[in-house]
Amino acid sequence: MTKSQIKESIDRLRENINRHNYLYYVKSSPEITDFEFDQLLKELEDLENKNPEFASPLSPTKRVGNDILSSFEQGDHKFPMLSLGNTYSEEDLNEFFDRTEKTIETTPNYTCELKFDGVAISITYENGNLTKAITRGDGNRGDIVTDNIKTIKSIPLTLMGNDYPESFEIRGEVLMPFSSFETINEERIQEGNDPFANPRNAASGTLKMLDPKVVAHRKLDCMLYYMASDSVSEITHFEAMTNARTYGFKVPDTMRLCKTREEIKEFISYWDKERENLPYAIDGVVIKVNNFDLQKQLGFTSKTPRWAISYKFKAEQELTKLNDITYQVGRTGAITPVANLEPVQLAGTIVKRASLHNADQIAIHDIRINDMVYVEKGGEIIPKVVGVDKTKRENSSEPLQYITTCPECNTELIRIEGEAKHFCPNETGCPPQIKGRIKHFISRKAMNIDGIGEETVELLFDKKYIKDITDLYSLNADDIKVLDGMGDKSAEQLITGVEESKKMPFASVLFALGIRYVGETVAKKLARGVKNIDSLIAMNKEELIEIDEIGEKIAESIIDFFADETKKQMTLKLKEIGLKMELEEEELNNSDVLKGLTFVITGTFEKYSREELQLLIEKYGGKKTSSISKKTSYLLAGKNVGPAKMQKVEKLGINIISENEFLNMIE
Ligand code: IVH
């Protein structure tokens with residue numbers, strides 16, 4: 001093939017793939033199988049690899065994500081990204097209509113749309129190509145997240161047809177559908193991370209990730225709802241968005257043109273009910289004056305357009321029967337009452353359990369077993385009981401007696417001043433507390449023991465192989481390989497994992513001990529401040545407070561921990577077993593050379609990855625931040641640093657150092 005034939009094939013493949021992408025992600029009506037699609041993509045990838053001169057950042061092969069960034073650059077919005085005024089009732093809404101119609105002295109048409117509950121984005125297209133995507137930020141300036149946005153398959157990289165304006169910004173909402181949200185949360189829980197509270201947080205967290213490859217793996221979607229341009233030729237918003245659909249954008253077909261207030265109210269009540277069948281979250285409806293000239297006449301306040309308003313739905317509620325209440329005991333002994341409900345459909349999922357928070361909440365609402373209760377799903381994914389329909393209560397019903405003893409170990413519960421929850425004080429004898437502490441000890445951010453999961457902890461504890469953390473270190477492969485679901489290989493892995501954990505640094509051990517308020521970061525500061533466990537045990541409150549970031553509350557908690565003889569003995573036993581109870585020689589000698597210095601990492605490096613460089617900075621007492629400011633001490637710059645970043649650094653007079661110069665600093 002000649003070079004021009006190759007170029008032609010590449011162009012044809014790109015066009016073809018873009019079309020199938022559009023059919024699959026925007027139209028939801030694919031014409032080819034996933035396998036056939038992958039074949040096309042592979043063919044294009046091969047051609048591009050062999051002919052790098054035809055590479056293009058807009059090729060569909062680039063949707064998998066580019067280099068990892070160390071921080072986002074900021075960009076200005078050409079037109080500010082405003083928010084919307086909110087209404088919550090028909091009365092508020094009528095006021096909006098009256099106000100609007102008085103100003104423009106006519107009854108306009110309105111476009112009604114769904115109010116998507118995600119993250120706002122503004123995407124710039126020049127000559128039909130996606131050039132930039134910026135988050136809302138403060139409305140005037142946001143993070144440039146172009147590479148992440150390019151991984152969203154429903155967003156066109158190049159536009160279809162040739163009717164689009166030469167240059168425009170289109171705005172919309174990046175969403176995470178419920179299905180991807182659930183998968184990602186399962187993954188996060190397995191990896192020892194906190195789950196995202198709701199799809200909006202998940203979408204926003206994902207968009208701010210520095211590695212576009214991870215973003216590509218999370219299935220985001222994007223609904224477009226606004227054209228911002230000086231050169232839109234259409235007369236109305238509805239038309240502009242309908243035309244945008246023909247350029248390849250996912251403009252929701254739920255959008256309606258309404259001529260009367262009644263039609264608008266019908267639209268609202270239809271979606272208030274129907275939203276439970278949508279695959280993603282919406283939290284209301286947006287109503288916009290349709291005609292651009294009328295919009296201009298109405299103008300803007302400092303924060304919101306006067307030509308649009310949102311109507312927010314009430315949080316979804318359902319009435320269902322409270323069958324029973326069970327009580328969960330956490331790692332710290334805190335008791336959480338949980339409602340077991342007659343299963344009910346709520347916001348797209350079936351709810352069987354809901355949080356009751358604590359005894360006070362139950363008493364305030366006078367919640368009783370067999371009551372018909374209102375269950376609500378707010379922005380959060382864990383539903384809660386918010387009230388009782390007392391008209392449906394049976395005469396025989398009696399007030400709930402909150403438990404007074406622990407459901408797991410029968411110990412009398414206590415209440416701690418300032419805490420809403422009851423606690424089981426039997427720290428050393430209450431099974432879920434012990435198991436919880438062991439699970440924390442083995443978790444990834446603590447001792448990171450490979451080969452043991454939460455279920456293995458349950459099994460080993462229930463079979464009496466371990467009764468506290470220290471027992472992990474006397475397990476033997478022959479004993480445990482006969483356990484249900486174990487076998488030679490997993491027993492071996494477990495023992496190796498336990499042995500390997502002895503190499504974990506002092507800071508991880510401190511975190512793993514499970515001292516209240518000593519999280520991962522505090523543990524690092526503490527390790528550096530005290531240098532070894534013996535001096536930590538010997539320190540008094542005043543000495544502890546001297547350490548960077550240790551306040552009164554943390555200091556008291558540490559003192560309490562070691563004042564407890566069992567915990568102190570357990571710690572000393574771990575030391576005897578061979579866990580690292582002091583800073584390593586190198587940590588000791590060099591730990592402070594970067595103290596007080598703040599670094600921003602950018603570009604690509606030869607010897608270390610960015611993550612490794614970050615670890616080195618922290619190890620030597622420095623701090624890594626993601627954006628450049630006056631407080632930045634050094635820009636640690638690799639190859640391929642963007643010109644905008646360099647300009648900013650030079651303007652602020654920040655020192656730029658190379659990888660080697662940095663390594664010299666810590667050597
Ligand atoms: S129009 C100038 N339309 O709601 C008007 N916004 O509370 C710009 N939103 O920041 C916004 N769905 O993130 C518009 N159909 C829709 C929307 C929508 C969700 C978000 C958007 C905005 C926020 C305001």
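Whatever order the structure lists ligands and atoms in, that order sets their numbers, starting from 1. None of these values were measured; they are calculated from a predicted model.
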Donor-acceptor side-chain pairing of [X] and [Y] below 3.5 angstrom:
X	Y	answer
Glu15	Asn18	no
Lys259	Asn290	no
Ser122	Glu169	yes

For this session: Report yes if some heavy atom in the side chain of Leu278 is under 4.5 Å from a heavy atom in the side chain of Leu114; otherwise report no.
Result: yes
In terms of atom number and element, which parts of ligand 1 are under 4.0 angstrom from non-hydrogen atoms of [X]?
X	result
Leu82	10 (O)
Pro305	2 (C)
Glu173	9 (N), 13 (O), 19 (C), 20 (C), 21 (C)
Arg136	10 (O)

Which bit of [X] is near ligand 1, meaning a heavy atom under 4.0 Å away: side chain, backbone, both or neither?
X	value
Leu114	backbone
Val286	side chain
Tyr225	side chain

Between ligand 1 and [X], is the shortest N or O to N or O distance under 3.5 Å?
X	value
Lys288	yes
Phe116	yes
Lys115	yes

For this session: Quick one: sort the Phe116 and Tyr225 rings into parallel, tilted or perpendicular, breaks at 30° and 60°.
Result: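 Plane angle under 30°, so parallel.
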Exercise. Going by the angle between their ring planes, with limits at 30° and 60°, are Phe96 and Tyr110 parallel, tilted or perpendicular?
Worked result: tilted
Exercise. For atom 24 (C) of ligand 1, what is the nearest protein heavy atom, given as residue, atom name and distance?
Worked result: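 Here the nearest protein heavy atom works out to Leu84 N, 3.5 Å.
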For this session: Tell me which protein heavy atom sits closest to atom 15 (N) of ligand 1, plus the residue, atom name and distance to 0.1 Å.
Result: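 Residue, atom and distance for the closest contact: Glu113 OE1, 2.8 Å.
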Exercise. When you check the gap from the basic side-chain N to the acidic O, do Arg261 and Glu90 get nearer than 4.0 Å?
Worked result: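 Looking at Arg261 and Glu90, the cut-off is not met.
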Exercise. Within a radius of less than 6.0 Å around OH of Tyr24, do more than 12 heavy atoms belonging to other residues, nucleotides or ligands occur?
Worked result: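 Count not over threshold, so no.
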